[in-house]
Amino acid sequence: MARGRGDGEQKKRLVTWIVVLAIVCGCLYIYSRKGGTSALEYGSKSLRKLGSSYLGGEDDGDEASNKFGEDLQDGVMLKSIPVCDDGQSELIPCLDRNLIYQTRLKLDLSLMEHYERHCPAPERHFNCLIPPPPGYKVPIKWPKSRDVVWKENIPHTHLASEKSDQNWMVVKGDKIEFPGGGTHFHYGADKYIAAIANMLNFPKNILNNGGRLRTVLDVGCGVASFGGYLLSSNIIAMSLAPNDVHQNQIQFALERGIPAHLGVLGTKRLPYPSRSFELAHCSRCRIDWLQRNGILLLELDRLLRPGGYFAYSSPEAYAQDEEDLRIWKEMSALVERMCWKIAAKRNQTVIWVKPLTNDCYIEREPGTQPPLCKSDDDPDAVWGVPMEACITPYSDQNHKARGSGLAPWPARLTALPPRLADFGYSNEMFEKDMEVWQQRVENYWNLLSPKIRPDTLRNVMDMKANLGSFAAALKSKDVWVMNVVPEDGPNTLKIIYDRGLIGTVHSWCESFSTYPRTYDLLHAWTVFSDIEKKGCSAVDLLIEMDRILRPTGFIIIRDKRPVVEFVKKHLSALHWEAVATAEAEGESEQDEDDMVFIIQKKLWLTSESFRETE
């Protein structure tokens with residue numbers, strides 16, 4: 001009997017503990033639901049996958065926090081957002097090779113598909129802040145940064161040893177210096193650039209040719225010294241390279257303050273409209289231009305303006321061994337069928353020039369390969385569009401004008417773009433747009449003035465560039481602007497390029513193709529309102545902006561009042577601080593509720609030092 005009573009008491013105690021444990025678990029569950037997905041304390045060393053996705057996923061439990069006006073209760077501040085693992089300090093979510101390995105994507109490596117964009121599925125998204133590497137410092141200011149950066153900001157020195165004989169970069173103490181060399185121009189990009197200008201008989205060996213050569217595409221750019229040295233000639237280059245074995249080359253370029261973009265000539269069109277560049281350049285860029293019926297060379301052809309040049313420095317242009325001679329012969333035959341002609345050839349460099357009109361295309365023999373693109377092909381459709389092995393003919397306007405009809409730089413910036421009529425915009429609308437943004441930028445700088453000096457900002461991104469007038473209004477500043485045009489709106493990017501500016505197409509429901517900490521200023525004009533209409537996460541966009549922005553960098557948000565209030569409630573969690581808030585001057589009834597909100601990102605170094613700042 002005693003034994004039975006003892007067993008009964010043990011059973012009662014067990015039931016009691018189970019009930020207590022259930023109550024505790026229930027309380028914890030309710031607390032976690034109230035606290036959302038931000039319960040991870042600052043400084044965690046582990047990367048946590050949360051219910052709320054990083055760029056594009058959904059989280060039913062946090063749905064309300066992504067709707068403006070319903071985001072959080074009045075006075076409630078989001079306390080924390082988790083910090084990613086230190087190993088993710090250079091994460092580019094849509095160009096993450098680890099993702100490719102883990103998901104076992106079936107990609108054709110010979111076509112460079114593994115270097116193209118592959119964004120993670122919702123269940124693989126991260127919702128955490130990218131930490132800077134240990135010892136990170138505020139970047140060295142332009143123009144000094146062209147030649148030297150802090151080693152701790154990009155702690156990768158393998159290129160210095162691998163390319164030591166080519167003067168790409170040299171490690172000196174706590175800095176990395178860039179002597180201006182490249183694979184083909186060991187003795188300096190400046191001399192190489194002058195040699196190209198000399199080959200083309202441009203006045204005074206200056207490559208901009210009196211302002212007629214303004215935009216350049218540098219394919220396989222290395223650390224972008226070629227593009228960096230073009231800037232002093234009033235030439236702006238889109239320096240392009242993949243996240244390949246030289247994976248940090250674009251990161252070095254942007255750290256130096258040189259315009260650059262991650263991308264690859266693979267299977268998809270580059271995200272730039274047709275007839276964007278006066279010059280394409282490849283210096284031993286290790287590209288097989290003959291593959292797939294010359295499809296990569298035809299992509300360059302799409303991007304070059306009438307009369308545009310392709311400068312090619314490679315062994316095939318001068319070597320006499322059997323293989324190089326074969327490649328040269330086949331490549332020469334291909335470009336001849338494309339109606340290119342040799343403008344100049346000297347030593348190790350050949351420069352081809354594209355025709356000014358369609359005449360040569362029309363005169364080709366029937367059945368000549370490559371064919372002309374179909375009449376219904378849109379050469380400016382680029383977001384996720386496969387390349388085609390065909391020649392893009394000119395519009396009737398270009399054909400009759402025998403060229404692009406562009407004014408020389410700097411008049412090009414404010415002259416009426418020839419392709420403006422493609423969008424039904426009048427001259428008056430264009431001039432009014434310039435006037436409006438000139439005033440807006442002046443107002444921005446008045447608000448920023450207590451926080452910045454002339455050299456504070458260098459790399460600027462306009463997240464919704466429209467006609468490029470925000471960038472045009474910054475002409476007197478020592479900055480460059482990456483103009484981003486939405487993938488689903490009017491493709492005004494061709495107007496931006498016609499103004500002598502550069503940019504790309506992008507969807508802000510996805511991560512941008514750049515390294516963390518690469519821009520000093522982000523300008524977001526109605527970007528949050530736009531992505532809400534698409535059903536994308538505003539919190540994900542905030543985290544992506546934090547990834548892109550350098551510590552101590554600035555964000556200008558111009559949007560509706562509920563958007564600004566939404567962002568304000570996330571400042572503490574993002575370690576941002578408000579700089580200024582102002583009513584936006586309204587040019588129409590749609591602008592009446594607009595506000596301007598300027599933010600600065602704080603500098604935090606490590607998990608431990610991060611805790612100490614709280």
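The first residue of the sequence shown is numbered 1, and numbering continues consecutively from there.
Judged by a 6.0 Å distance limit and a 45° cone about the ring axis, Arg440 is positioned over the six-membered ring of Trp437. A cation-pi geometry, defined here as NZ or CZ lying under 6.0 Å from the six-membered ring centre and within 45° of its normal, holds between Lys464 and Trp525.
Between Arg326 and Glu330, at least one side-chain N (NZ, or NE/NH1/NH2) sits under 4.0 Å from a carboxylate O, which counts as a salt bridge. With respect to Arg269 and Asp377, a salt bridge is recorded, a charged nitrogen being found less than 4.0 Å from a carboxylate O.
The ring-ring contact (aromatic ring centres under 6.0 Å, His included) check on Trp480 picks up Tyr519, with sequence neighbours excluded. Taking Asp498 as the reference, Arg305, Arg419 meet the salt bridge (charged side-chain N to carboxylate O under 4.0 Å, His left out) condition, with sequence neighbours excluded. Judged as a salt bridge (charged side-chain N to carboxylate O under 4.0 Å, His left out), and not counting sequence neighbours, Glu113 has no contacts. Every residue two or more places apart in sequence or in another chain that forms a ring-ring contact (aromatic ring centres under 6.0 Å, His included) with Trp328 is listed here: Trp352. Taking Phe202 as the reference, nothing meets the ring-ring contact (aromatic ring centres under 6.0 Å, His included) condition, with sequence neighbours excluded. Every side-chain contact (heavy atoms from CB on, under 4.5 Å) that Asp96 has, sequence neighbours left out, goes to Leu91, Asn98, Leu99. Partners of Arg458 by salt bridge (charged side-chain N to carboxylate O under 4.0 Å, His left out), not counting sequence neighbours, listed by chain and number: Asp478. Here Tyr394 pairs with nothing under the ring-ring contact (aromatic ring centres under 6.0 Å, His included) rule; sequence neighbours left out.
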Please determine whether side chain to side chain contact (heavy atoms under 4.5 Å, CB included) holds for the pair Thr518 and Ile548, giving the CA-CA distance in whole Å, both sets of side-chain angles, and the decisive distance to 0.1 Å. CA-CA 6 Å; Thr518 45; Ile548 295 172; 4.3 Å; yes
Please walk me through it: do Lys494 and Asp422 pass salt bridge (charged side-chain N to carboxylate O under 4.0 Å, His left out)? CA-CA 10 Å; Lys494 56 186 176 182; Asp422 293 1; 3.0 Å; yes
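Counting heavy-atom neighbours within 6.0 Å of Lys475 NZ, excluding the residue itself, gives a total of 12 or less. Within 6.0 Å of the CG atom in Asp488, the count of heavy atoms belonging to other residues, nucleotides or ligands exceeds 12. Counting heavy atoms of neighbouring residues, nucleotides and ligands inside a 6.0 Å radius, atom CZ of Arg402 does not exceed 12 of them.
Sorted by first and then second residue, the salt bridge (Lys or Arg N to Asp or Glu O under 4.0 Å) pairs with a member in residues 355-364 form an empty list; sequence neighbours excluded. Residues in residues 284-322 take part in these disulfide bond (SG atoms under 2.5 Å apart) pairs, two or more places apart or across chains: Cys282-Cys285. Residue pairs meeting the side-chain hydrogen bond (donor to acceptor under 3.5 Å, both in side chains) criterion with at least one member in residues 215-236, sequence neighbours excluded, are Arg146-Tyr229, Thr215-Glu278, Asp218-His281, Ser225-Arg256.
Aromatic rings of Phe310 and Trp289 (six-membered ring for Trp) have centroids within the 6.0 Å cut-off, being under it. Aromatic ring centroids of Phe512 and His261 lie under 6.0 Å apart.
Ser404 approaches Pro306 most closely through the heavy-atom pair N-CG, 4.1 Å. Contact detail for Asp288 and Leu296: the closest heavy-atom pair is O-CD1, 3.9 Å.
Counting only heavy atoms from C-beta outward, the side chains of Met331 and Leu334 never approach each other to under 4.5 Å. Between Val335 and Leu297 the shortest side-chain heavy-atom distance falls below 4.5 Å. Annotation: side chain of Met338 is not in contact with side chain of Gln369 (no heavy-atom distance under 4.5 Å).
Between the Tyr312 side chain and the Gln348 main chain, no donor and acceptor come within less than 3.5 Å of each other. Listed for the Asp378 side chain is a donor-acceptor partner under 3.5 Å among the backbone atoms of Asp380. Of the possible polar contacts, one joining the Arg499 side chain to the Leu467 backbone as a donor-acceptor pair under 3.5 Å is found. For the pair His399 (side chain) and Gly403 (backbone), a donor-acceptor distance under 3.5 Å is absent. In terms of modelled atom types and a separation under 3.5 Å, the side chain of Ser469 and the main chain of Ala472 share no donor-acceptor contact. In this structure a side-chain-to-backbone donor-acceptor pair under 3.5 Å is missing from Arg117 to Cys94. With hydrogens and angles ignored, the 3.5 Å screen pairs no side-chain donor or acceptor of Ser314 with any backbone N or O of Ala317.
Using a 30° and 60° split on the angle between ring planes, Phe423 and Tyr425 fall in the parallel class, below 30°.
In this structure, a donor-acceptor pair under 3.5 Å is absent between the side chains of Asn153 and Arg517. A donor atom on one side chain and an acceptor atom on the other are not found under 3.5 Å apart for Ser313 and Ser283. For the residue pair His156 and Glu90, a side-chain donor N or O sits within less than 3.5 Å of a side-chain acceptor on the partner. Side-chain polar atoms of Glu255 and Ser145 form no donor-acceptor pair below 3.5 angstrom.
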Output side-chain donor-acceptor pairs under 3.5 Å for residues 381-392, partner residues at least two apart or in another chain, one line each.
none

